[in-house]
Amino acid sequence: MATAVPAPVITVVGVGADGWDGLVPTAREALRAAATVLGGPRQLELLPPEVTAARVAWPSPLRPAVPRLLAEHGGRSLCVLASGDPMFYGIGRALAETVGAERLRVLPHPSSVSYACARLGWPLEDTEVVSLVGRPLANLNAALSNGRRLLVLGPGAGTPAEVAALLAERGFGASRLRVLEQLGGAAERVLDGTAGDWPHPAGDPLNILAVECAGPRAQLVPGLPDDAFEHDGQLTKRHVRAATLAALAPAAGELLWDIGGGSGSIAVEWLRAHRSCRAVSVERDAVRAERIRRNAAALGVPRLEVVTGRAPEALGGLPVPDAVFIGGGLTAPGLLQACWDALPAGGRLVANTVTLESEALLTQWYRRCGGDLVKLAVAHAVPVGGFTGWRQAMPVTQWSAVKPSETAAAVEADGEEQQ
């Protein structure tokens with residue numbers, strides 16, 4: 001039987017603003033030996049004549065073209081040029097996901113983030129990085145908090161002015177901004193100013209923006225103040241929301257279905273738990289659905305997917321959730337069953353209600369599936385004449401459960417039959 005020939009290795013070379021002069025000998029040798037070099041136009045222009053390979057520029061949009069171009073040129077000696085470290089917000093990720101990490105030989109160059117921290121004297125491990133390349137500007141909102149240091153990767157020369165305007169609008173006009181251009185190259189320079197009166201016109205597109213946030217503080221744990229959300233009264237209030245997020249227990253990379261989104265507060269706080277978390281908010285009212293989108297953008301998670309429709313009909317075709325929250329419409333025929341059926345083993349379901357009818361339904365499901373059935377009651381101190389008394393909010397009944405595996409469910413059912 002013939003031995004399979006291993007697929008050719010693709011060499012990925014990181015290059016900085018210093019171009020060919022900044023490359024180590026191993027990277028230069030790989031480029032000299034290549035039959036084809038893929039890269040951005042700016043990167044390809046940095047190569048000297050001694051690199052005789054065919055030069056192929058990435059098209060725009062880039063990501064959809066990666067599989068096709070690798071298939072066309074991957075059978076020959078292929079090099080891919082990347083900015084700085086290819087595996088840090090670079091093309092390396094797309095290549096690894098397309099052909100597998102085992103086919104890549106990555107030769108990184110210091111990233112712009114490493115250069116920036118070196119110039120600023122900021123510890124790299126304490127500096128948060130926000131990429132706006134191919135991402136909404138509103139992503140920055142989640143990182144804003146007084147005293148925080150940020151490095152912002154932008155798509156072009158206009159990014160610093162856009163970020164300055166956003167900061168001023170969000171109450172961070174006193175934040176110090178420094179634009180570091182052409183880091184590591186002969187044309188390196190730094191532009192300094194504050195967000196509220198940013199004085200500089202658009203400069204070099206090869207830049208990274210350093211932000212020293214001066215403005216409101218932002219809490220990290222769930223339970224944002226109610227006034228952080230635009231709403232029409234359909235809002236899971238702060239203390240109940242914190243308890244609900246604790247029951248939902250978000251983890252990195254997980255997907256939430258938020259049914260009856262209202263203002264989107266549960267889905268928004270789920271997404272703020274980790275940048276890899278995902279969420280879909282299902283809301284039947286179009287006005288509220290648009291409000292959910294605005295809240296998501298304002299609080300830095302514009303990636304929230306909003307589906308306008310009535311559950312359970314609107315749930316068809318959605319990706320499999322890791323957790324489901326039902327904040328409205330519990331008595332809709334088949335809704336609870338559809339959500340339970342959609343969950344995989346180990347998935348969590350949390351449902352809140354303030355009505356007796358929905359509470360009775362949750363009690364039935366508690367008896368059937370177990371979990372926790374709790375009553376959440378919150379009272380606020382308010383003036384009573386010249387004194388102070390308690391004003392009780394409507395108590396919330398909450399049922400939460402983890403879906404067992406089919407084997408565990410069968411064993412439990414068998415045990416019940418034998419009793």
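For Thr397 (side chain) and Lys375 (main-chain N/O), no donor-acceptor pair under 3.5 Å exists by modelled atom type. Listed for the Lys237 side chain is no donor-acceptor partner under 3.5 Å among the backbone atoms of Asp226. Remark: side-chain polar atoms of Arg176 are not paired, donor with acceptor, to backbone N or O of Ala210 under 3.5 angstrom. Between the side chain of Arg170 and the backbone N or O of Ala298 there is at least one donor-acceptor pair closer than 3.5 Å. At least one donor-acceptor pair under 3.5 Å links the side chain of Asn141 to the backbone N or O of Ala297.
Heavy-atom minimum distance, Pro155 versus Val133: N-CG2, 4.1 Å. Residues Gln219 and Pro225 share a closest heavy-atom pair of OE1-CD, 3.9 Å. Contact between Leu124 and Ser114 at its shortest, heavy atoms only, is CD2-OG, 4.1 Å. The minimum heavy-atom distance linking Leu335 with Gly328 is given by the pair CD2-O, 4.1 Å. Minimum heavy-atom separation, Trp198 to Leu191: CH2-O, 4.0 Å. Between Leu304 and Ala279, the shortest heavy-atom contact is CD1-O, 3.5 Å.
One finds the CD atom of Glu212 at 4.5 Å from the CZ atom of Arg178 (value rounded to the nearest 0.5 Å). Atom CG of Asn295 sits about 10.5 Å away from atom CD of Glu290, to the nearest 0.5 Å. Interatomic distance, Asp258 CG to Ser265 OG, rounded to the nearest 0.5 Å: 7.5 Å. The distance from the CZ atom of Phe88 to the OG atom of Ser83 is 13.0 Å, given to the nearest 0.5 Å. Between atom CH2 of residue Trp122 and atom CG of residue Leu150 there is a gap of 7.5 Å, rounded to the nearest 0.5 Å. Distance check, rounded to the nearest 0.5 Å: CG of Asp285 to CD1 of Ile292 gives 9.0 Å.
Listed by first then second residue, pairs satisfying salt bridge (Lys or Arg N to Asp or Glu O under 4.0 Å) with a partner in residues 259-278 read Arg241-Glu269, not counting sequence neighbours. Residue pairs meeting the salt bridge (Lys or Arg N to Asp or Glu O under 4.0 Å) criterion with at least one partner in residues 17-38, sequence neighbours excluded, are Arg32-Glu50. Listed by first then second residue, pairs satisfying salt bridge (Lys or Arg N to Asp or Glu O under 4.0 Å) with a partner in residues 108-128 read Arg119-Glu188, Glu128-Arg148, not counting sequence neighbours.
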Sequence neighbours excluded and cut-off under 3.5 Å, please list the side-chain donor-acceptor pairs for residues 247-254, or say none.
from	atom 1	to	atom 2	distance (Å)
Glu254	OE1	Ala251	N	3.2
Glu254	OE1	Arg348	NH1	3.4
Glu254	OE1	Arg348	NH2	2.7
Glu254	OE2	Arg348	NH1	3.3

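With sequence neighbours left out, Glu45 forms a side-chain contact (heavy atoms from CB on, under 4.5 Å) with no residue at all. Ala342 pairs by the side-chain contact (heavy atoms from CB on, under 4.5 Å) definition with Trp257, Pro321, not counting sequence neighbours.
Classification of the Trp399-Trp365 ring pair by plane angle, with boundaries at 30° and 60°, yields tilted.
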*Apply side chain to side chain donor-acceptor pair (under 3.5 Å) to the pair Asn352 and Thr236, showing each step before the final yes or no.*
CA-CA 9 Å; Asn352 291 355; Thr236 303; 5.1 Å; no

*With salt bridge (Lys or Arg N to Asp or Glu O under 4.0 Å) as the test, would you mind laying out the steps for Arg63 and Glu97 before giving the verdict?*
CA-CA 11 Å; Arg63 189 61 184 262; Glu97 291 174 352; 2.2 Å; yes

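Sparse packing is recorded around CZ of Arg310, with 12 or fewer heavy atoms of other residues, nucleotides or ligands lying under 6.0 Å away. More than 12 heavy atoms of other shown residues, nucleotides or ligands fall within 6.0 angstrom of atom CZ in Arg291.
Asn207 and Glu181 share no side-chain donor-acceptor pair at under 3.5 Å.
Of the listed residues (Leu47, Val56, Leu78), just one forms a side chain to side chain contact (heavy atoms under 4.5 Å, CB included) with Val37, and that residue is Leu47.
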